[in-house]
Asker: 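Before I ask anything, here is the structure I am working with.
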Amino acid sequence: MKILVIGGTGRIGSKVVDRLHAAGHEVVVAAPSTGIDVLSGEGLAAAMAGTEVVVDLANSPSFEDAAVLSFFVTAGHNILAAAAQAGVRHHVALSVVGTDKLAASGYFRGKIAQERLIRDSGLAYTIIHSTQFFEFLPGIIQAAGDGQTQTLQLPTAAVQPIAAEDVADAVARIAQQAPANGVVEIAGPERESMAVLAQRFLQATGDAREVVGDAQARYFGAQLQQDTLVPVGQAWLGTIGFERWLQQSGLAQGQPA
C-alpha cells in the first residue's frame, strides 16, 4: 500500500515512516526538504498519485495566532483537494485532545479549522486526538516563566501525557486500519495535575524553580477545566510513563544529555 506521510521528517513523522516501512508499505515522505510543500502545493499532486492513505502530521512553524490559522487552513485545503483528486481512501490527521474546548487559544483555533475542513471534505478520515507529548514538557514550563522567575504558576488541570514513541505506534497502526470517520483518542498511561508533573520534571532535571498550582493559570492563553486535556471516553493508552520516558530521554540530572 502506498502511504504519503506529510511532515514525515519531523519528531513523530520520522518514527511513523520507519514503522510503515517495516510493515512493508511504500512510503512517500512529504516535507519541503523532499520537494513537497503543502502551503504552495508544489509536488503534492505528483506525490498523491496512486496513494491510498495520507497521514497528515504537518504543524505550523509559528505559534502566532494569524500565522497558525493561515497555515492550517491553507495546508488543509491543498492537501484535501489533492487527496480527493487522487482518490485517496483514508485521510489520517494528528490533532490534540480537548481541541474543541480550547478556542481561546490561537493555535487551537487553527486546529479546529483544520478538523472542520477534514470533516467537510467528503473523504474517509480518522482524526487522532492525542494528549500532550512528554517531549513538550520543557516548552510548557518555559511558557510559564522567563527562565529567571523562581516560582512558576501552572494549571492544576489533569494531564495524561504520552511519549512520542507511543504516538508513532498509534498513528502507524491507525493508518493501516479502516477509517473511523470520527475521532480516536490516544493518551499516556498516567494521569496527574499539570503542576505536579512539571514539579517532578524540574526536580528530576536539577532545576531549583518551584511550581505553584493555580486553577486559573492559562495554558497557551486558554483557561482549562479539570478535564480539558484528558480523554473524555475510552482511549488507546501508550505504555511509556513519566519515569521511563525521563530515563530514555537522558534529561534527568546525572544522565548524559
Asker: Under 3.5 Å, is there a donor-acceptor pair between the side chain of R191 and the main chain of V159?
Answerer: no

Asker: Please check if the side chain of D166 supplies one atom and the backbone of G188 the other of a donor-acceptor pair under 3.5 Å.
Answerer: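 Looks like no, no N/O pair under 3.5 Å.
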
Asker: Where the side chain of S70 meets the backbone of A66, is there a donor-acceptor pair that is under 3.5 Å apart?
Answerer: no

Asker: Ion pair present between E190 and R244, side-chain N to carboxylate O less than 4.0 angstrom?
Answerer: no

Asker: Are L44 and I36 side-chain neighbours, meaning at least one heavy-atom pair lies under 4.5 Å?
Answerer: yes

Asker: Tell me if the CD atom of E210 is crowded by more than 12 foreign heavy atoms within 6.0 Å.
Answerer: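 No, because the 6.0 Å sphere around CD of E210 holds 12 heavy atoms or fewer from other groups.
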
Asker: Are E115 and H129 close enough that some pair of their side-chain heavy atoms sits under 4.5 Å apart?
Answerer: yes

Asker: Between T131 and Q160, what is the shortest heavy-atom contact and its length?
Answerer: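 Closest approach of T131 to Q160, heavy atoms only: OG1-O, 2.7 Å.
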
Asker: Is the CD atom of Q225 crowded by more than 12 outside heavy atoms at less than 6.0 Å?
Answerer: no

Asker: Using atom types as modelled and distance alone, determine if a side-chain donor or acceptor of D37 lies under 3.5 Å from a backbone N or O of P32.
Answerer: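 Not confirmed, D37 side chain does not pair with P32 backbone.
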
Asker: When you compare the side chain of I140 with that of L154, does any pair of heavy atoms fall below 4.5 Å?
Answerer: yes

Asker: On a heavy-atom basis, which atom in A172 and which in R19 lie closest, and how many Å separate them?
Answerer: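 Of all heavy-atom pairs spanning A172 and R19, the closest is CB-CB, 3.8 Å.
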
Asker: Distance check, rounded to the nearest 0.5 Å: W245 atom CH2 versus E165 atom CD?
Answerer: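 One gets 12.5 Å once the value is rounded to the nearest 0.5 Å.
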
Asker: Could you check whether any side-chain N or O of N78 sits under 3.5 Å from a backbone N or O of L39, counting only pairs where one atom can act as donor and the other as acceptor?
Answerer: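 Yes, the answer is positive, given that a donor and an acceptor are paired below the 3.5 Å cut-off.
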
Asker: How close do V97 and I186 get, counting heavy atoms only, and between which atoms?
Answerer: CG2-O, 4.2 Å

Asker: Taking the side chain as everything from C-beta on, heavy atoms only, tell me whether S249 gets closer than 4.5 Å to L246.
Answerer: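 They are in contact (side-chain heavy atoms under 4.5 Å apart), so the answer is yes.
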
Asker: Which value, rounded to the nearest 0.5 Å, describes the distance between T51 atom OG1 and E26 atom CD?
Answerer: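 Taking OG1 in T51 and CD in E26, the distance rounds to 7.5 Å.
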
Asker: Going from CD1 on I112 to NZ on K101, what distance comes out if it is rounded to the nearest 0.5 angstrom?
Answerer: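 Reported value, rounded in 0.5 Å steps: 12.0 Å.
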
Asker: State, with a plain yes or no, whether a side-chain heavy atom of E52 is found less than 4.5 Å away from one of H25.
Answerer: no

Asker: Between the side chain of T99 and the main-chain N/O of S95, is any donor-acceptor distance below 3.5 Å?
Answerer: no

Asker: Using modelled atom types and a 3.5 Å cut-off, is there a donor and acceptor pairing between side-chain atoms of Q132 and backbone atoms of I162?
Answerer: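 Judged by distance alone, no pair lies under 3.5 Å.
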
Asker: To the nearest 0.5 Å, how far apart are CZ in F133 and CZ in R11?
Answerer: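 It comes to 8.0 Å.
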
Asker: Roughly how far apart are F242 CZ and F134 CZ, rounded to 0.5 Å?
Answerer: 7.0 Å

Asker: Is any side-chain heavy atom of N59 less than 4.5 Å from a side-chain heavy atom of L57?
Answerer: no

Asker: Looking only at heavy atoms, which two atoms of F72 and S60 are closest? And how far apart?
Answerer: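 Closest approach of F72 to S60: CZ-N, 4.0 Å.
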
Asker: If we check ring-ring contact (aromatic ring centres under 6.0 Å, His included) with Y107, which of these qualifies: F71, F220, F63?
Answerer: F63

Asker: Give the minimum heavy-atom separation between A195 and G213, together with the two atoms involved.
Answerer: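 The answer is CB-CA, 3.7 Å.
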
Asker: Give a yes-or-no answer on whether the side chains of H90 and Q176 include a donor-acceptor pair shorter than 3.5 Å.
Answerer: no

Asker: Looking at E42, I'd like to know if its CD atom is crowded, meaning that more than 12 non-hydrogen atoms belonging to other residues, nucleotides or ligands lie closer than 6.0 Å.
Answerer: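 It does not: E42 CD has 12 such atoms or fewer within range.
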
Asker: I need the minimum non-hydrogen distance between T228 and L102, along with the two atoms involved.
Answerer: CG2-CD2, 3.8 Å

Asker: Counting heavy atoms not belonging to Q226, are there more than 12 under 6.0 Å from its CD?
Answerer: yes

Asker: Looking at side-chain heavy atoms only, is the closest gap between P161 and L137 below 4.5 Å?
Answerer: no

Asker: With distance as the sole test, does Q153 use its side chain to make a donor-acceptor pair with the main-chain N or O of A217 at under 3.5 Å?
Answerer: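 Answer holds: no.
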
Asker: Apply the test side-chain contact (heavy atoms from CB on, under 4.5 Å) to residues V28 and K2: give CA-CA distance (whole Å), side-chain angles for both, the deciding distance (0.1 Å), then the verdict.
Answerer: CA-CA 8 Å; V28 175; K2 181 179 177 182; 3.5 Å; yes

Asker: If you measure from OG1 on T126 to CG on L94, what distance do you get to the nearest 0.5 Å?
Answerer: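 Going from the OG1 atom of T126 to the CG atom of L94 covers 12.0 Å.
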
Asker: Taking D227 for the side chain and L229 for the main chain, is one N or O donor matched with an acceptor at less than 3.5 Å?
Answerer: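 No: the side chain of D227 does not pair with the backbone of L229.
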
